[in-house]
Every structure is written in structure tokens, then in C-alpha cells.
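Numbers here are sequence positions counted from 1.
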Amino acid sequence: MKRFLVAVGLALVLASGASGAKPKPYTPSAADKAAARALSAAADGFLTQLDGAQAQAVTQVRDDLAACSAAYATKVDTRRMTELQAFLADARAVPAIPALWRSMVARWDAVHPRDRYLRLLVATAHSQERQVMKLGAGAAQLGICDTLAAWEASGWSNSYVGDLEDAWNASIAVDPAVFDGARNRVAGLTPQLRKLGLSDEQILNLIIAVL
């Protein structure tokens, strides 16, 4: 999930930087630049926690598989087993996003930025809350051994993992257009965020973190 968000965010940063539009005259203060750094640090912390949740989920799925790996070693090829593990890890990690994200937004609120562009960034994040909370509502998945047993009972359907993922995505019911709109609004601030002293990597993290 994060890999996809990084790709989307990077494309938006590059597009904004190459748009050719001349930014309006704008000279942020030292306090504004400090506020930008604080928002960036909170976003970086959120993404680090997100990486940790994903890594933990991957480890948990791998550990669960140890109980039945011998039984399925010759029944499921490496590619399909990897796809299943990746899906189940995502299904475990994604529900952690809302609480981590809310903590980050609380840190943003505590900064009390005076700069209008930073206020717009924070306001954009708040506009996402309803959608972000849906990420914690995905349908619970069976453990990997039980999932493999159900897959075997289905006759090893080629679409089994894809069907599981489609059903799980449908249970979350987020509106991708809302996420896209928020990322586009933040990406549109790229020239101003650069003037606030942020690097493209820091801006990319803000685009990803706003969700």
C-alpha cells in the first residue's frame, strides 16, 4: 500500500514542479519554516509507524504459516503463496492506520501554523478523517492456515486470492476520488512548501501522510 502511495505522491510532486506555473510572490517567516519542519517531522513519524505496522503484520503471517507450511509446500507455488501472504499482511496492517493517522493530525494541530499554506495542508488532512476511519473497518480475515484450508476446499481456484482481496476492498468502502483530491491539493502546494524550506522528499511524505 505504501509503495503505491509513494509512486502516486512522487508523480504529483514532479508534475507540480514541471507545471511551468509561476508561483505568486511569497516570503515565509522563520517561524513559518519551523512550523513546516514540525509538520514534516510528524508526517515522517507517521510513515515510520506505518512501516512498522506493515513489517509486524508480515512477520505475524509468516510465523502463522510455520504451523502448516509443510502441509502446503507442494500444493501452492511460491508466487501464489507470496500473493496470499502479502494480502493477509495488508489486511492486518491497514486497520492500524486510523489511530496512527489521528495521532499525526493531533501533532499537526498542536503546531498551530500561521502560514496560510500550512493551514490549508492541515485543513486538507481534517477533511479526510471520515474516509481514513473507514480503513479500520475492513472485514476480518482468517489466519493463513485456515485460509489455505478453505482455498484447498475450493479446488485451488485460480481467482481465490483475488476474490478475497476484492471482497476485503469492498468492505472498506472508501472513496478513491476523495483521497486523490486531497493528494492533488497538497501537491499543488509544492512551490510554497519548497519556499518553506522543505525538500521534495519531505513534500512527498506530506502528500502520502495526508491520505
Side-chain angles (χ1 to χ4, degrees), residues 1-11 40-107 128-129 131-176 179-180 183 201-202 204-211:
M1 178 177 180
K2 184 184 171 186
R3 185 180 300 173
F4 170 75
L5 292 174
V6 168
V8 171
L10 181 58
S40 174
D44 184 64
F46 165 65
L47 296 178
T48 297
Q49 291 176 317
L50 194 60
D51 283 340
Q54 181 71 29
Q56 182 179 20
V58 168
T59 298
Q60 289 171 340
V61 171
R62 188 179 298 126
D63 289 348
D64 290 348
L65 178 60
C68 61
S69 60
Y72 294 101
T74 60
K75 297 179 180 180
V76 183
D77 61 62
T78 300
R79 178 184 62 81
R80 294 198 296 174
M81 184 66 83
T82 299
E83 289 174 352
L84 177 60
Q85 290 182 74
F87 161 65
L88 292 176
D90 281 346
R92 287 193 181 196
V94 168
I97 292 176
L100 297 176
W101 182 86
R102 270 184 163 169
S103 177
M104 178 200 73
V105 174
R107 288 181 63 188
Q128 295 291 88
E129 183 168 8
Q131 293 295 318
V132 174
M133 292 306 106
K134 293 180 181 180
L135 295 174
Q141 300 298 309
L142 297 172
I144 190 167
C145 291
D146 289 337
T147 301
L148 285 166
W151 191 1
E152 183 173 26
S154 77
W156 298 114
S157 167
N158 287 329
S159 65
Y160 192 81
V161 177
D163 291 344
L164 278 180
E165 189 166 0
D166 288 344
W168 180 71
N169 286 332
S171 74
I172 296 176
V174 295
D175 185 348
F179 287 110
D180 290 344
R183 286 193 292 266
E201 181 179 358
Q202 289 172 311
L204 173 60
N205 283 348
L206 291 173
I207 294 172
I208 298 169
V210 82
L211 294 181

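In this structure Lys75 satisfies the side chain to side chain donor-acceptor pair (under 3.5 Å) test together with Glu152, sequence neighbours excluded. Residues satisfying the side chain to side chain contact (heavy atoms under 4.5 Å, CB included) criterion with Gln49, sequence neighbours excluded, are Leu100. Legend: residues meeting side chain to side chain contact (heavy atoms under 4.5 Å, CB included) with Ala209, ordered by chain and number and at least two apart, are Ala43, Phe46, Met104. For Ser159, the side chain to side chain donor-acceptor pair (under 3.5 Å) partners are Ser157, Asp163, not counting sequence neighbours. For Arg102, the salt bridge (Lys or Arg N to Asp or Glu O under 4.0 Å) partners two or more places apart in sequence, or in a different chain, are Glu129. Contacts of Asp175 classified as side chain to side chain contact (heavy atoms under 4.5 Å, CB included), with partners at least two apart in sequence or in another chain: Gln131, Ala177, Val178. Residues meeting the side chain to side chain donor-acceptor pair (under 3.5 Å) test with Gln56, sequence neighbours left out: none. Among residues two or more places apart in sequence or in another chain, the ring pair (Phe, Tyr, Trp, His ring centres under 6.0 Å) test is passed with Trp168 by Phe87.
Trp151 contributes atom CH2, which lies 14.0 Å from atom CG of Leu142 (distance to the nearest 0.5 angstrom). Rounded to the nearest 0.5 Å, atoms CG (Leu47) and CG (Asn205) are 5.0 Å apart. Here the straight-line distance linking atom CD of Gln54 with atom OG1 of Thr59 works out to 10.0 Å at 0.5 Å rounding. In this structure, Thr78 OG1 and Glu83 CD are separated by 11.0 Å, a value rounded to the nearest 0.5 Å. The CG atom of Asn169 sits 5.5 Å away from atom CD of Glu165, with the distance rounded to the nearest 0.5 Å.
A pairwise comparison of heavy atoms in Gly136 and Pro98 identifies N-CG, 3.6 Å as the closest pair. The shortest heavy-atom contact between Arg80 and Asp77 is N-OD1, 2.8 Å. Residues Gln85 and Ile144 come closest through the heavy atom pair CG-CD1, 3.6 Å. Taking each heavy atom of Ser171 and Gly138 in turn, the nearest pair found is OG-CA, 3.4 Å.
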Item to check | Working for side-chain contact (heavy atoms from CB on, under 4.5 Å), residues Val132 and Phe179 | outcome: CA-CA 9 Å; Val132 174; Phe179 287 110; 4.2 Å; yes

Next on the checklist: Applying side-chain contact (heavy atoms from CB on, under 4.5 Å) to Leu211 and Ile97, what does each step give before you reach the verdict?
Outcome noted: CA-CA 10 Å; Leu211 294 181; Ile97 292 176; 3.8 Å; yes

Next on the checklist: Applying side-chain contact (heavy atoms from CB on, under 4.5 Å) to Trp101 and Leu50, what does each step give before you reach the verdict?
Outcome noted: CA-CA 9 Å; Trp101 182 86; Leu50 194 60; over 6 Å; no

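Without hydrogens or angle criteria, Gln202 side chain to Ser40 main chain gives no donor-acceptor distance under 3.5 Å.
Counting only heavy atoms from C-beta outward, the side chains of Met81 and Leu148 approach each other to under 4.5 Å.
Identified under the side chain to side chain donor-acceptor pair (under 3.5 Å) test for residues 135-147, with sequence neighbours left out: none. Counting only residues at least two apart or on different chains, the side chain to side chain donor-acceptor pair (under 3.5 Å) pairs with a member in residues 61-74 are Asp64-Arg92.
Counting heavy-atom neighbours within 6.0 Å of Asn158 CG, excluding the residue itself, gives a total of 12 or less.
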